[in-house]
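For reference, the structure discussed in these notes is given below.
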Amino acid sequence: MEYTHIDHLIREVVSRRLDMTFDVAVSLKASRVILHSGYKPEIDMFKLQDTWLNKSIEFWQQEIRRWANAGIMVVLENDTEKSPDLLVRLVNEVNTPSLGLCMDMGISMCFPN
């Protein structure tokens, strides 16, 4: 899901889906939820890494609060990133134990450097 998409209509749909995911996680009493980071190949193509990172930091600094309040850790999984560096920076900047990372090795092998 592209949490910070430029199109407000897409952001609204993503927000609704994230709300639905949150509601299900709460009802299941989940302690963790794995989500994709929202990183897309176009970010590399158009050299928008810094823009993506800044918008993602801003988004997660707000969004993570409700998950933390519910006792749920959000774990961001790699999707199309060629390196974990931006995701590490994102989690470090948001700076909460309620946001972490996991790596899907199969996906990482699809996008070798």
Side-chain angles (χ1 to χ4, degrees):
M1 295 194 294
E2 295 182 60
Y3 311 104
T4 62
H5 198 281
I6 192 168
D7 185 326
H8 71 95
L9 296 174
I10 292 174
R11 283 194 318 272
E12 287 175 24
V13 169
V14 168
S15 179
R16 258 183 110 177
R17 295 295 185 226
L18 195 54
D19 289 345
M20 293 167 73
T21 301
F22 177 80
D23 291 343
V24 169
V26 169
S27 71
L28 292 173
K29 296 180 176 62
S31 61
R32 286 193 174 96
V33 171
I34 298 173
L35 300 172
H36 280 162
S37 66
Y39 196 88
K40 300 295 177 208
E42 299 84 37
I43 294 167
D44 289 329
M45 187 183 327
F46 296 109
K47 301 188 183 344
L48 297 171
Q49 293 90 344
D50 289 338
T51 300
W52 178 86
L53 180 61
N54 292 330
K55 288 183 178 294
S56 294
I57 290 168
E58 183 180 324
F59 173 81
W60 282 109
Q61 284 174 333
Q62 296 297 315
E63 178 63 26
I64 199 62
R65 290 181 187 147
R66 70 173 169 161
W67 297 85
N69 290 338
I72 301 170
M73 180 180 192
V74 172
V75 182
L76 298 178
E77 179 182 53
N78 58 307
D79 191 12
T80 61
E81 299 88 347
K82 292 181 180 180
S83 159
D85 295 345
L86 281 176
L87 294 181
V88 170
R89 287 175 57 196
L90 169 61
V91 168
N92 286 341
E93 287 293 324
V94 175
N95 193 24
T96 176
S98 297
L99 184 65
L101 296 174
C102 68
M103 178 174 254
D104 183 322
M105 292 305 293
I107 290 174
S108 68
M109 298 308 292
C110 292
F111 301 97
N113 289 337

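Computed from a predicted structure; not experimentally measured.
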Which atom pair, heavy atoms only, marks the closest approach of Arg17 to Met1?
CB-SD, 3.7 Å
Could you pull out the closest heavy-atom pair between Asn78 and His36, with the gap in Å?
O-CD2, 3.8 Å
Is there a donor-acceptor pair under 3.5 Å between the side chain of Ser56 and the backbone N or O of Leu53?
no
How long is the gap from CD on Gln49 to CZ on Arg89, to the nearest 0.5 Å?
9.5 Å
Which heavy-atom pair separates Ile43 from Gly38 by the least distance, and what is that distance?
CD1-O, 4.4 Å
Test of understanding: with salt bridge (charged side-chain N to carboxylate O under 4.0 Å, His left out), list the residues that count as partners of Lys55, not counting sequence neighbours.
none
Closest heavy-atom pair and its distance - Arg11, His5:
NH1-O, 2.7 Å
Linking I/L/V/M/F/W/Y whenever their side-chain heavy atoms sit closer than 4.5 Å, directly or via other members, would Val88 and Ile64 fall into one cluster?
yes
Answer yes if Trp52 and Phe46 sit in the same cluster of Ile, Leu, Val, Met, Phe, Trp and Tyr residues linked by side chain heavy atoms under 4.5 Å apart, and no otherwise.
yes
When clusters are formed by joining ILVMFWY residues with side-chain heavy atoms under 4.5 Å apart, either directly or through shared neighbours, do Leu99 and Met103 land in the same one?
no
Is there a side-chain contact between Tyr3 and Glu63 (heavy atoms, below 4.5 Å)?
no
Indicate yes or no: at least one non-hydrogen side-chain atom of Trp67 is less than 4.5 angstrom from one of Thr21.
yes
Could you see if Leu9 belongs to whatever hydrophobic cluster contains Val13? Use Ile, Leu, Val, Met, Phe, Trp, Tyr and a side-chain cutoff under 4.5 Å.
no
With side chain to side chain contact (heavy atoms under 4.5 Å, CB included) as the criterion, how do Tyr39 and Asp79 come out once you've worked through the C-alpha distance, each side chain's angles and the decisive distance to 0.1 Å?
CA-CA 7 Å; Tyr39 196 88; Asp79 191 12; 5.5 Å; no
In this structure, are over 12 heavy atoms from other groups packed under 6.0 Å from Ile6 atom CD1?
no
Please name the pair of heavy atoms, one in Val33 and one in Ala25, separated by the smallest distance, quoted to 0.1 Å.
CG2-CB, 3.6 Å
What one should report as the nearest heavy-atom pair of Gly100 and Val91 is O-CG2, 4.0 Å
Under 4.5 Å side-chain heavy-atom separation, chaining through any Ile, Leu, Val, Met, Phe, Trp or Tyr, what else clusters with Ile34? Say none if it is isolated.
Met73, Val75
Would you say Leu48 ends up clustered with Trp60 if hydrophobic residues are merged whenever their side chains have heavy atoms under 4.5 Å apart, either directly or through other cluster members?
yes
Student check: side-chain heavy atoms of Leu86 and Glu81 closer than 4.5 Å:
no
With side chains defined as the heavy atoms from C-beta onward, is the minimum distance between Lys82 and Asp44 less than 4.5 Å?
yes
